[in-house]
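To start, the structure itself, in structure tokens.
Remember, predicted model here, so these are calculated numbers, not experimental data.
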Amino acid sequence: MREHLAGLPAENPVGLVDAFLATVRPVVEESAGGAGCAVAAVTVDTDSGELRTVAATAFDSWTETLADRLTAAGVGKDEAMDLATTLITLLQGAHVLCRAAGNIEPFDRMARAAAELVRSRFER
């Protein structure tokens, strides 16, 4: 996942978020069929502090990589970290909702809302 995020185009924040949503959609689509996110599953289905640390490290890596790309797209460092955290959080929630619903519709609704929020903030 980190490699995919590192390769996102950074011409502008809106394009980057659109690319992020397009990149993760197929992964979430698999969640609708029952695959889910293995990293998130570790945090829910274990009492192991070691496994939770591994999951936290993965999530932190994804968030930091996405924040780096947002910064490259012109977003301030603190705002980039906040937005990256929001997007990763939305992604993980979409995994859960899509798996429960058995379809991709919750992701698509989230993606429309996230894209609109980013457009309203960064498109001028």
Side-chain angles (χ1 to χ4, degrees):
M1 170 78 135
R2 186 177 175 281
E3 296 79 24
H4 293 291
L5 298 176
L8 292 174
E11 291 86 36
N12 62 68
V14 172
L16 189 143
V17 170
D18 287 344
F20 167 77
L21 294 169
T23 297
V24 299
R25 189 180 192 283
V27 178
V28 179
E29 201 164 25
E30 288 183 32
S31 290
C37 174
V39 177
V42 167
T43 65
V44 174
D45 291 337
T46 187
D47 291 327
S48 168
E50 184 177 330
L51 288 177
R52 282 194 311 269
T53 298
V54 169
T57 300
F59 287 135
D60 288 345
S61 172
W62 300 351
T63 302
E64 289 169 9
T65 302
L66 188 53
D68 287 346
R69 298 307 297 150
L70 288 162
T71 300
V75 178
K77 186 174 179 158
D78 290 341
E79 189 173 15
M81 186 57 89
D82 290 349
L83 181 53
T85 300
T86 300
L87 290 169
I88 296 299
T89 301
L90 289 170
L91 170 62
Q92 291 307 310
H95 274 291
V96 172
L97 293 176
C98 289
R99 186 165 183 180
N103 63 58
I104 193 75
E105 189 175 332
F107 174 86
D108 290 337
R109 288 193 309 260
M110 176 280 294
R112 284 190 301 272
E116 182 56 35
L117 288 170
V118 171
R119 272 189 214 82
S120 72
R121 171 63 181 92
F122 296 104
E123 213 169 52
R124 292 180 180 26

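- Hydrophobic clustering (side-chain heavy atoms under 4.5 Å, transitive across Ile, Leu, Val, Met, Phe, Trp, Tyr) keeps Trp62 apart from Val96.
- Contact record, Ala84 with Ala67: CB-N, 3.6 Å, taken as the closest heavy-atom pair.
- In this structure, Glu64 has no side chain to side chain donor-acceptor pair (under 3.5 Å) partners at least two apart in sequence or on a different chain.
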Listing, residues 72-80 side-chain donor-acceptor contacts under 3.5 Å, not counting sequence neighbours, or none:
{"residue": "Glu79", "atom": "OE1", "partner": "Arg121", "partner atom": "NH2", "Å": "3.0"}
{"residue": "Glu79", "atom": "OE2", "partner": "Arg121", "partner atom": "NE", "Å": "2.8"}
{"residue": "Glu79", "atom": "OE2", "partner": "Arg121", "partner atom": "NH2", "Å": "3.1"}

Name every donor-acceptor pair, under 3.5 Å, that has one atom in a side chain of residues 7-28 and the other anywhere in the protein, sequence neighbours excluded.
{"residue": "Asn12", "atom": "OD1", "partner": "Val14", "partner atom": "N", "Å": "3.1"}
{"residue": "Asn12", "atom": "OD1", "partner": "Gly15", "partner atom": "N", "Å": "2.6"}
{"residue": "Thr23", "atom": "OG1", "partner": "Ala19", "partner atom": "O", "Å": "2.8"}
{"residue": "Arg25", "atom": "NE", "partner": "Asp108", "partner atom": "OD1", "Å": "2.9"}
{"residue": "Arg25", "atom": "NH2", "partner": "Asp108", "partner atom": "OD1", "Å": "3.2"}
{"residue": "Arg25", "atom": "NH2", "partner": "Asp108", "partner atom": "OD2", "Å": "2.9"}

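- Of the possible donor and acceptor atoms, none in the side chain of Ser61 sits under 3.5 Å from a partner among the backbone N and O of Thr57.
- Going from atom CE of Met81 over to atom CG of Leu83 covers 11.0 Å, rounded to the nearest 0.5 Å.
- In this structure, the side chain of Arg119 engages the main chain of Ala115 through a donor-acceptor pair within 3.5 Å.
- Note that CG of Leu97 is 11.5 Å distant from CD of Gln92, once rounded to the nearest 0.5 Å.
- Using a cut-off of 4.0 Å between Lys/Arg side-chain N and Asp/Glu carboxylate O, Arg109 and Glu105 are scored as salt-bridged.
- Taking CG of Leu87 as the reference point, atom CE of Met110 lies at 8.0 Å (rounded to 0.5 Å).
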Q. Glu29 and Phe107: side chain to side chain contact (heavy atoms under 4.5 Å, CB included), yes or no, with the steps?
A. CA-CA 8 Å; Glu29 201 164 25; Phe107 174 86; over 6 Å; no
